[in-house]
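All remarks here apply to the structure that follows.
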Amino acid sequence: MHRNFKMVSRIVFGAGCFSQLDTVLADMRTGDRPFMVFLVDDVFSGKPLQKAVPVREGDFLQMVSTENEPKTKTVDILTDSVRAHAAQTGGAPAGVVGIGGGSVMDIAKAVSLMLTNPGSAADYQGWDLIKNPAVYHVAVPTLSGTGAEVSRTTVLTGPEKKLGINSDYTVFDQVVLDPELTRNVPEENKAQWFYTGMDCYIHCIESLSGHFMNAFSRAYGEKALSLCREVYLSTPEPDKLMMASVFGGMSIAYSQVGAAHALSYGLGFMLGIRHGVGNCIAFNALTDLYPEGVAEFRKMADRHDVSIPQNVVSGEDPEIIDRMIDVSLVMEPLWHHALGPDWKTVVTRDKLREYYLRM
Ligand code: NAD
Ligand code: ZN
């Protein structure tokens, strides 16, 4: 059956459009839903962006640490805090706004879902387990590449697994794309700018070269790929990378990511390696599967003087590597996309061990 694809309802785009956020949110505030929840990456603590967040009286603002990637426990704690604020003020939340990179956007998605669904976020890691629509939720990306602003998942590490809450209700109602918010990233955190941007590049290569490719995904994927090339091989303009991230996300939404992501999940879960850099480490080892993509990726890394970490797995305990292989093998649709319906004949435990030992 063909997927009936849920998209973001509204998008505002353009330099400086963050200043419109208050107006955008105003319509959502009602008598019994008076307050907004702002979750802001704590990298902006004391910075002009924090001061520019349009907080009104009675709103709930929390600076969020992104030292680790989002955990179900963090989402549960934040959700409880918002509920306590609601109880104290006697009104329900009008919306949840996430201002940050993929981590904070995912936390905002998850909190908006958990405000209307009982239990822990860990209960909903999987596909279409969410029963009730989320509270209205908004993304304001400050880092471009993950495509989290348009995807139907929020990737969380729970007590048992690292897996998204995949649901149509996860998709943002509103996205505010202001390239100015990402303009300083290359100076402030060059490596992160590269790794997260390469998440998008790798989305494109994996989406475009897999079994589930189709004209919808190709249309978005090819444009995103050419934007990545402009940004990383020519002029690094923030608006181009912002649109590459959106289009890369749209491309994988209707096809799939591939082998680098499948292996990166093992790195993330067992070694705590973050998504962007984990994808780079994994992709760098996949010269046999994506030869042209890897060659171009290395050219981009050289051009920006960013080194891809090496020997991160080779010294690990064999048992840890075995667990990483387990985590990667669970990603069946990714392997199917990368290698076709007979992927199980190629993707053996020995093959995955060989890949991991190259990293
Ligand atoms: P991130 O959000 O984890 O942020 C990385 C670092 O960059 C943090 O230290 C953060 O404080 C900093 N940062 C953010 N904005 C900045 C700015 N403007 N200037 C300077 N520093 C800034 O990084 P990410 O790569 O965007 O997101 C990774 C997360 O996204 C992972 O948890 C991953 O699982 C998730 N992800 C989700 C999806 C999805 O579809 N939901 C897709 C891909 C990745
Ligand atoms: Zn990714």
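Residue numbers run from 1 in the order of the sequence given. Scope of the values below: all heavy atoms of this structure, side chains included, with no hydrogens, waters or symmetry mates. We count ligands from 1, going down the list as the structure has it; atoms in each ligand are counted the same way.
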### Task
Verify whether the ring centers belonging to Trp193 and His304 lie closer than 6.0 Å.
yes

#### Entry: SB check Arg152 Asp168 (cutoff 4.0 Å)
yes

### Task
Classify the side-chain pair His203/Asn279 by whether it contains a donor and acceptor separated by less than 3.5 Å.
no

### Query
Is Asp59 paired with Arg29 through a side-chain N to carboxylate O contact shorter than 4.0 Å?
yes

### Cut-off under 2.8 Å, centre the Zn ion (ligand 2), protein N/O/S atoms
Asp199 OD1, His203 NE2, His261 NE2, His275 NE2

### Query
For Ser245 and Glu149, does a side-chain donor sit closer than 3.5 Å to a side-chain acceptor?
yes

### Message
Below 30° counts as parallel, above 60° as perpendicular, anything between as tilted: where do the rings of His137 and Phe172 land?
### Response
tilted

### Message
Can a side-chain donor-acceptor contact be found between Tyr355 and Asp288 if the only test is distance below 3.5 angstrom?
### Response
yes

### Query
Can any side-chain N or O of Asn214 pair as donor or acceptor with the backbone N or O of Phe212 at less than 3.5 Å?
yes

#### Entry: Aromatic contact, Tyr290 with Phe283 (centres under 6.0 Å)
yes

One pair per line, please: each N/O atom of ligand 1 matched with every protein N/O atom under 3.5 Å away, atom names first, then the distance to 0.1 Å.
| from | atom 1 | to | atom 2 | distance (Å) |
| --- | --- | --- | --- | --- |
| ligand 1 | 2 (O) | Gly102 | N | 3.1 |
| ligand 1 | 2 (O) | Ser103 | N | 2.9 |
| ligand 1 | 2 (O) | Ser103 | OG | 3.4 |
| ligand 1 | 3 (O) | Ser103 | OG | 2.6 |
| ligand 1 | 3 (O) | Arg274 | NH2 | 2.7 |
| ligand 1 | 11 (O) | Asp41 | OD1 | 3.0 |
| ligand 1 | 11 (O) | Asp41 | OD2 | 2.9 |
| ligand 1 | 11 (O) | Thr66 | OG1 | 3.1 |
| ligand 1 | 15 (N) | Thr142 | OG1 | 2.8 |
| ligand 1 | 18 (N) | Thr142 | O | 2.9 |
| ligand 1 | 18 (N) | Leu181 | O | 3.4 |
| ligand 1 | 25 (O) | Thr196 | OG1 | 2.7 |
| ligand 1 | 26 (O) | Gly102 | N | 2.7 |
| ligand 1 | 27 (O) | Gly102 | N | 3.3 |
| ligand 1 | 40 (O) | Ser151 | OG | 2.6 |
| ligand 1 | 41 (N) | Asp106 | OD1 | 2.8 |
| ligand 1 | 41 (N) | Asp106 | OD2 | 3.3 |
| ligand 1 | 41 (N) | Ser151 | OG | 3.4 |
| ligand 1 | 41 (N) | Thr153 | O | 3.0 |

